Amino acid sequence: MAYCQQDKTQTSLSIDATYLNQRLDYLTQKMEKYLEELPVDSLKIPRSIDIDGSLIATKSRQWTSGFFPGTLWQLASHSKSQAIISNATAWSQFVEKEKWDTHTHDVGFKVNSAFGKWNTVQKRQKNDEIIIQASQTLIRRYQDTVGAIRSWDFGKERWQFPVIIDNMMNLEMLFDATDLTGDSIYYHIARQHAVTTLNNHFRPDHSSYHVIDYDTLTGEIRNKHTHQGTHHESAWSRGQAWGLYGFAMAYDRTGDERFLAKAKAIANYIFTHPRLPADMIPYWDYDAPNIPNEPRDVSAAVVAANGLMKLAKHDHTHQTQMIEWVDKIIASLDAEEYQTDKIPYLLDHSTGSVPGNFEVDKPLAYADYYYIEALLQRLEWTKGNHAKSNHSDD
Ligand code: GLY
């Protein structure tokens with residue numbers, strides 16, 4: 001694969017271990033202050049900010065509920081802050097019951113973001129049990145005829161069996177469940193879901209559709225749609241990022257070369273896109289009609305940065321280029337305009353759904369979660385820990 005070189009690689013900051021440690025220290029202290037003012041409430045898990053500046057909070061049932069506790073666990077893994085650990089514990093416990101939710105694929109996002117990250121700070125048998133139960137719940141949504149896990153139950157008037165590119169992210173928990181139990185059923189379902197997505201979700205230029213709808217009787221494709229993009233044939237930015245992260249992760253867990261090739265191709269699509277701004281924070285859709293007068297989506301940038309970090313471990317030929325792209329994103333987000341003081345968020349300018357007209361150009365809990373994950377992954381890279389990769393293409 002030939003990676004285009006563009007003048008989008010210059011960073012004004014030196015992203016080294018000192019910078020990353022200082023940044024994580026600063027963000028930890030900022031979060032500690034926020035927590036002093038944030039009541040712990042099972043019905044008010046932080047998600048975004050409303051037009052009037054008030055907190056948009058959720059019950060555990062929504063797909064974002066694991067991200068705020070997961071952000072706290074990640075900051076705790078860096079700082080060992082007791083204030084953050086006790087808050088992370090309390091907020092995570094509200095999410096536990098989602099291990100029973102059979103109505104959405106998002107059980108992976110919800111449970112793994114909280115309890116998977118809890119395990120990185122304090123290994124607990126109970127966390128493993130929750131992850132295993134959530135995985136048992138998730139695989140009930142797998143259908144053999146389609147070879148995929150059903151994403152949503154809503155929209156029955158439009159779709160029979162919708163599978164969205166985002167669903168690649170829920171596979172990580174299934175790979176963990178096989179590691180934890182020795183039962184390969186989770187692995188096989190996750191791998192088959194990734195193969196089906198690989199075969200059906202992508203256009204020749206490696207951009208991804210958002211929603212593929214399957215016929216439940218034949219497994220044939222009925223429609224290729226979008227739900228959060230500008231139109232069915234557009235490239236919704238966060239969807240491209242979910243695909244990059246998802247296939248890089250799936251390669252990491254399976255060694256399947258097809259997944260590596262797809263992750264590389266998606267990275268190339270995103271980071272050489274002519275409408276990717278110079279600071280590498282994309283507009284909410286690469287085909288949004290009024291670029292450059294369109295909202296950005298910081299969450300897409302940080303999800304993609306994590307995908308690049310996973311991919312760089314395996315793609316030695318292009319790893320310098322990939323780390324430069326990650327560093328550009330990290331440096332861009334250091335700018336005052338992207339930081340926020342709105343409790344309890346770290347970053348501004350993410351976009352939930354333009355077609356749904358919600359959370360447009362706002363702080364989002366999942367942007368913060370993947371931002372901290374990117375900083376931590378980049379810090380590990382400075383320590384040479386990427387050398388532990390199991391698979392490599394060269
Ligand atoms: N998984 C939902 C979203 O990315 O908005």
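For reference, positions follow the sequence shown, starting with 1. Only a predicted model underlies this, so the values are computations on that prediction, with no experimental measurement involved. Any value given below was found using the heavy atoms of this structure, including those in side chains, with hydrogens, waters and symmetry copies removed.
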query = Only one of Leu27, Asp25, Thr28 forms a side-chain contact (heavy atoms from CB on, under 4.5 Å) with Ser79, so which one is it?
reply = Thr28
ask   = Measuring from Glu98:CD to Lys59:NZ, what's the distance to the nearest 0.5 Å?
value = 11.0 Å
ask   = Rounded to the nearest 0.5 Å, what separation is found between the CD1 atom of Ile131 and the CG atom of Asn119?
value =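 Rounded to the nearest 0.5 Å, the CD1-CG separation comes to 5.0 Å.
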Do [X] and [Y] land in one hydrophobic cluster if side-chain heavy atoms of ILVMFWY residues count as linked below 4.5 Å?
X: Ile270; Y: Ile164; result: no
X: Tyr371; Y: Tyr34; result: yes
X: Tyr209; Y: Leu244; result: no
X: Tyr142; Y: Val146; result: no
X: Tyr283; Y: Met280; result: no

request  = Could you go through the side chain to side chain donor-acceptor pair (under 3.5 Å) check for Gln82 and Ser86 one step at a time?
outcome  = CA-CA 6 Å; Gln82 278 312 313; Ser86 64; over 6 Å; no
Is it true that the side chains of [X] and [Y] contain a donor and an acceptor less than 3.5 Å apart?
X: Thr71; Y: Asp368; answer: no
X: Asp285; Y: Ser237; answer: no
X: Asp334; Y: Tyr19; answer: yes
X: Asp252; Y: His314; answer: yes

message = One pair to check against side-chain contact (heavy atoms from CB on, under 4.5 Å): Lys313 and Trp381. What are the steps and the verdict?
response = CA-CA 9 Å; Lys313 285 194 291 188; Trp381 186 273; 4.1 Å; yes
Charged N to carboxylate O under 4.0 angstrom, [X] versus [Y]?
X: Arg238; Y: Asp166; answer: no
X: Asp50; Y: Lys362; answer: no
X: Asp361; Y: Arg296; answer: no
X: Arg150; Y: Asp153; answer: yes
X: Lys126; Y: Glu96; answer: yes
X: Arg158; Y: Asp213; answer: no
X: Arg203; Y: Asp205; answer: no
X: Glu359; Y: Arg47; answer: yes

What is the minimum heavy-atom distance between [X] and [Y], and which atoms define it?
X: Ala305; Y: Ile329; value: CB-CD1, 4.1 Å
X: Pro289; Y: Thr230; value: CD-OG1, 3.6 Å
X: Ser77; Y: Leu376; value: OG-CD1, 3.8 Å
X: Trp91; Y: Val95; value: O-CG2, 3.7 Å
X: Ala248; Y: Leu311; value: CB-N, 4.1 Å
X: Ala148; Y: Val163; value: CB-CG2, 4.0 Å

task = For residues Asn112 and Met169, determine if any side-chain heavy atom of one lies less than 4.5 Å from a side-chain heavy atom of the other.
result =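 When only atoms from C-beta onward are counted, Met169 and Asn112 do not touch, as no gap falls below 4.5 Å.
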task = Show the numbers, then the answer: is there a side-chain contact (heavy atoms from CB on, under 4.5 Å) between Asp348 and Val298?
result = CA-CA 7 Å; Asp348 207 343; Val298 162; over 6 Å; no
task = Decide yes or no on ring pair (Phe, Tyr, Trp, His ring centres under 6.0 Å) for Tyr345 and Phe68, but give the supporting numbers first.
result = CA-CA 9 Å; Tyr345 303 105; Phe68 183 64; 7.5 Å; no
inquiry  = Determine whether Leu375 and Gln74 satisfy the following criterion, side-chain contact (heavy atoms from CB on, under 4.5 Å), listing intermediate values before the conclusion.
reply    = CA-CA 10 Å; Leu375 294 175; Gln74 292 186 102; over 6 Å; no
Check: [X] ring centroid to [Y] ring centroid under 6.0 Å:
X: Phe154; Y: His227; value: yes
X: Trp242; Y: Phe109; value: yes
X: His273; Y: Tyr286; value: yes

Would you say [X] has more than 12 foreign heavy atoms packed within less than 6.0 Å of its [atom1]?
X: Lys33; atom1: NZ; result: no
X: Arg140; atom1: CZ; result: no
X: Lys224; atom1: NZ; result: yes
X: Arg61; atom1: CZ; result: no
X: Asn290; atom1: CG; result: yes
X: Ile51; atom1: CD1; result: no

task = Evaluate salt bridge (Lys or Arg N to Asp or Glu O under 4.0 Å) for Arg191 paired with Asp256, printing each intermediate quantity in order.
result = CA-CA 9 Å; Arg191 186 170 179 164; Asp256 188 321; 3.2 Å; yes
Whether [X] and [Y] hold their rings parallel, tilted or perpendicular, with breakpoints at 30° and 60°:
X: Phe115; Y: Trp118; value: parallel
X: Tyr187; Y: Phe175; value: perpendicular
X: Trp152; Y: Trp159; value: tilted
X: Tyr366; Y: Phe67; value: tilted

request  = I would like to know whether Ile281 and His349 meet side-chain contact (heavy atoms from CB on, under 4.5 Å); could you show each step before the answer?
outcome  = CA-CA 9 Å; Ile281 311 300; His349 302 304; over 6 Å; no
task = Apply side chain to side chain donor-acceptor pair (under 3.5 Å) to the pair Trp284 and Glu294, showing each step before the final yes or no.
result = CA-CA 7 Å; Trp284 67 279; Glu294 293 280 357; 2.9 Å; yes
message = Test your reading of the model: is there a side-chain donor-acceptor pair from Thr178 to the backbone of Asp183, 3.5 Å cut-off?
response =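 Judged by distance alone, yes, a pair lies under 3.5 Å.
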ask   = Could you go step by step and tell me if Glu373 and Lys117 meet the salt bridge (Lys or Arg N to Asp or Glu O under 4.0 Å) rule?
value = CA-CA 10 Å; Glu373 186 174 279; Lys117 295 300 188 197; 2.8 Å; yes
